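All ligand and atom numbering here is 1-based and tracks the order in the structure. A quick note: this is a predicted structure, and the numbers were derived from the prediction, not measured.
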Amino acid sequence: MSNTVHREHQMFPVLDASQIAAARRFASGPEAQFEPGAAIYEIAAENAPAWLVLHGTIEIVRRDGLSREASVTRQGVGQFTGEVAQLAGRPSLVAAHAGPKGCTALPFDPAHLRALMVGSADLGEIVMRALILRRVALIAEGGAGTILIGQPGSRQVLQLQGFLTRSGFPNLVLDADNDEEGRALIERAGILPDDLPLVVCPSGTILKKPSERDVASCLGMMPAIDPETIYDVAVVGAGPAGLATAVYAASEGLRVIVLDARSTGGQAGASARIENYLGFPTGISGQALAGRAFNQALKFGAEIAVPVEVERLDYTDGTLSLELAGNQRLRTRSVVIASGARYRKPDIANLSIFEGAGISYWASPIEARLCAGEEVALVGGGNSAGQAVVFLAPQVKRLHLVVRRDLAQTMSRYSSSASRRCPMSRSMSAGRSRTFKATQGPDSRR
Ligand SMILES: Cc1cc2nc3c(=O)[nH]c(=O)nc-3n(C[C@H](O)[C@H](O)[C@H](O)COP(=O)(O)OP(=O)(O)OC[C@H]3O[C@@H](n4cnc5c(N)ncnc54)[C@H](O)[C@@H]3O)c2cc1C
């Protein structure tokens, strides 16, 4: 929460009387009264409305570890409950119950909440900022939501952790051997070592050695696709291009669905810091960019389904249809293919054995934690490598950048000058490969 503490007033804003009156026009039902302590919605409740408090208070609690609860906040008059899950009616990560003196509150179901955001610029900005900051705070807390139990740093745990993190889901990893709570659950449920890792969803459902798809359905990340519905636009790929398409098409009132085989944000979601996107003069992390675009698309009512691979495109009787992994089909009037480019991998025998077990293709905070204090080799001389140098160098013991050519030929000037400040010295020249080293220490941030 440390980064967000100073934004408390934006995270939990208080609407004044005129703003409450304006918000009333968008409510999805009449005001409701709750007795002291009454449940308003539970963790994992789907389509839970956001509630605007008119009298009394609402207590918000999150899960803390496997079995404990922790208070998130108490919302008073003029404050509202909800975070980004409420925008799309996805399972709630927190529970709400009436405070010690009860409360009266106005409901805003997901459709009405979205209508408020679009219909009132003033309120829309306040509410959207608050919902995003609340999700960011839950992610920082780590405990509210999904719990992974396994060997931290193992390939399977890293893969699931990466998927959840790229998808903007708070998650916490418990060590199957050393964490008391994790070990107790394994013993209680009679879990065998082969069943690890476990994923405990906010609903309490325990998944043994799940795939990303299993986790996504448990977390409500995949909207039910009705084979009879004909979408106006189906977008293949939820990278920056796909999400931009979704925002523009949905804001024109079209019915839009975005499908991605991996996670939202595409390649950009893996970027530690993007400096050259229009409108972000101070730079933005790929994940923050993806999160903003994702929420913007949800705000206009776009549906986003992840991870769903599109396997085939057909055209019959004037309608396009997409065949999806898992024997699902979807009908649409138009398809936008925003499936991006596939990055090249070095031609090294047995490379795949080490993927996710020492070799990564990006440097997110997860990889940074794994590399902390270690000696790391970074292969490549493009802009992404430059970003990774700047991001990783302050955290690792020693970083070797392995490049084939002069950096001036492959890296833009702003990236190479930032990476060279890490600092780097040429240390090896072998055939067409050259290695530069960046060392941790007082110099590394100069
Ligand atoms: C580490 C890193 C750092 C970067 N930094 C920068 C930077 O600083 N500045 C910059 O300008 N660019 C940067 N880039 C490049 C930038 O991320 C890409 O140019 C951008 O993401 C391309 O956007 P896109 O939407 O076209 O495709 P992508 O981002 O590649 O997204 C395509 C999406 O389509 C999905 N998909 C593909 N096939 C299917 C299918 N059959 N079914 C369902 N889904 C499918 C994929 O899973 C993917 O999520 C960086 C890239 C990386 C990897």
Side-chain angles (χ1 to χ4, degrees), residues 159 162-163 165-168 212-213 216 221-222 225 233-249 257-294 296-297 303-314 320-326 328-330 332 335-345 359-368 378-392 401 410-419:
Q159 190 188 344
F163 172 67
T165 304
R166 285 198 308 277
S167 305
E212 290 178 359
R213 203 181 159 81
M221 287 161 70
M222 299 206 281
I225 296 170
V233 187
V235 186
V236 183
L243 291 174
T245 306
V247 168
Y248 300 137
I257 185 160
V258 186
L259 308 136
D260 199 294
R262 298 200 66 225
S263 57
T264 44
Q267 288 182 55
S271 176
R273 191 133 205 100
I274 298 177
E275 301 283 358
N276 63 337
Y277 270 27
L278 189 67
F280 297 97
T282 55
I284 183 164
S285 74
Q287 221 193 316
L289 180 81
R292 285 173 185 227
F294 174 78
Q296 200 174 4
E303 292 170 50
I304 301 179
V306 177
V308 177
E309 183 162 17
V310 178
E311 294 180 335
R312 193 183 152 88
L313 170 63
D314 287 320
L320 292 157
S321 69
L322 295 177
E323 209 172 279
L324 315 177
Q328 280 188 298
R329 260 188 120 70
L330 173 157
T332 180
V335 176
V336 174
I337 299 178
S339 52
R342 204 165 287 167
Y343 47 75
R344 201 154 33 116
K345 296 184 178 181
I359 290 185
S360 303
Y361 292 96
W362 47 74
S364 75
I366 295 176
E367 284 73 32
L378 225 156
V379 181
N383 281 346
S384 304
Q387 286 174 357
V389 168
V390 173
F391 180 57
L392 290 177
L401 176 63
T410 54
M411 201 180 275
S412 65
R413 217 171 335 143
Y414 82 90
S415 271
S416 77
S417 77
S419 5

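Counting only non-hydrogen atoms, the option in A290, P240, S384, G239 that gets closest to atom 22 (C) of ligand 1 is P240.
Between N276 and ligand 1, at least one pair of N/O atoms sits closer than 3.5 Å. Considering backbone and side-chain N/O of I274, none are found under 3.5 Å from N/O of ligand 1. The shortest N/O to N/O separation between A268 and ligand 1 falls below 3.5 Å. The distance criterion of under 3.5 Å between nitrogen or oxygen atoms is met by A241 with respect to ligand 1.
For ligand 1, the atoms sitting less than 4.0 Å from at least one non-hydrogen atom of A338 are 32 (C), 33 (C), 34 (O), numbered in the order shown with element in parentheses. Of all the atoms in ligand 1, the ones that sit under 4.0 Å from a non-hydrogen atom of G237 are 33 (C), 34 (O), 35 (C). Atoms of ligand 1 found under 4.0 Å from any heavy atom of L259 (numbered from 1 in listed order, with element): 43 (C), 44 (N). Of all atoms in ligand 1, listed by their number and element, those nearer than 4.0 Å to a heavy atom of S271 are 3 (C), 4 (C), 5 (N). The V236 neighbourhood of ligand 1 comprises atoms 40 (C), 42 (N), 43 (C), with distances under 4.0 Å to a heavy atom of that residue. Proximity to R262 (heavy-atom distance under 4.0 Å) selects the following atoms of ligand 1: 47 (O).
Residues V235 and I257 fail the side-chain proximity criterion, which asks for heavy atoms closer than 4.5 Å. Proximity of S384 to Q267: side-chain heavy atoms (C-beta onward) are nowhere separated by under 4.5 Å. Side chains of V310 and R312 form no contact here, defined as non-hydrogen atoms less than 4.5 Å apart. Looking only at side-chain heavy atoms (C-beta outward), V389 and L378 come within less than 4.5 Å of each other. Residues F280 and I274 form no side-chain contact, since every pair of their non-hydrogen atoms from C-beta on lies 4.5 Å or further apart. Using a 4.5 Å cut-off on side-chain heavy atoms (C-beta onward), R213 and F163 make no contact. Side-chain contact between L322 and V335 is present, with at least one heavy-atom pair separated by less than 4.5 Å. Looking at T264 and R166, their side chains never come closer than 4.5 Å, going by heavy atoms from C-beta outward.
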How far apart are the C-alpha atoms of R273 and F391, what are their side-chain angles, what is the distance that settles it, and do they pass the side chain to side chain contact (heavy atoms under 4.5 Å, CB included) test?
CA-CA 8 Å; R273 191 133 205 100; F391 180 57; over 6 Å; no
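Note on ligand 1: D260 sits in its first shell, one or more heavy atoms being nearer than 4.0 Å. Residue T264 places no heavy atom under 4.0 Å from ligand 1.
Inspection of the Q387 and S415 side chains reveals no N or O donor paired with an N or O acceptor under 3.5 Å.
Closest to atom 44 (N) of ligand 1, if we only count protein heavy atoms, is A261 N, 3.0 Å. Annotation: atom 8 (O) of ligand 1 to nearest protein heavy atom, Q387 NE2, 2.3 Å. With hydrogens left out, the protein atom closest to atom 19 (O) of ligand 1 is Y277 OH, 4.8 Å, a heavy atom. Here the protein heavy atom with the shortest distance to atom 38 (N) of ligand 1 is S339 CB, 3.5 Å. Taking atom 42 (N) of ligand 1 as the reference point, the nearest protein heavy-atom neighbour is V310 N, 2.9 Å. Closest to atom 29 (O) of ligand 1 among all protein heavy atoms lies Q267 N, 2.8 Å. Nearest protein heavy-atom contact of atom 27 (O) of ligand 1 is G340 CA, 3.3 Å.
Under the 4.0 angstrom criterion, atom 46 (C) of ligand 1 counts as having a protein heavy-atom contact. Closer than 4.0 Å to atom 15 (C) of ligand 1 lies none of the heavy atoms of the protein.
Checked options I304, L324, V306; the residue passing with L259 is L324 (criterion: side-chain contact (heavy atoms from CB on, under 4.5 Å)).
For Y414, the OH atom is densely surrounded, since the number of other residues' heavy atoms within 6.0 Å is greater than 12. Residue-environment remark: CZ (R292) stays at or below the threshold of 12 foreign heavy atoms within 6.0 Å.
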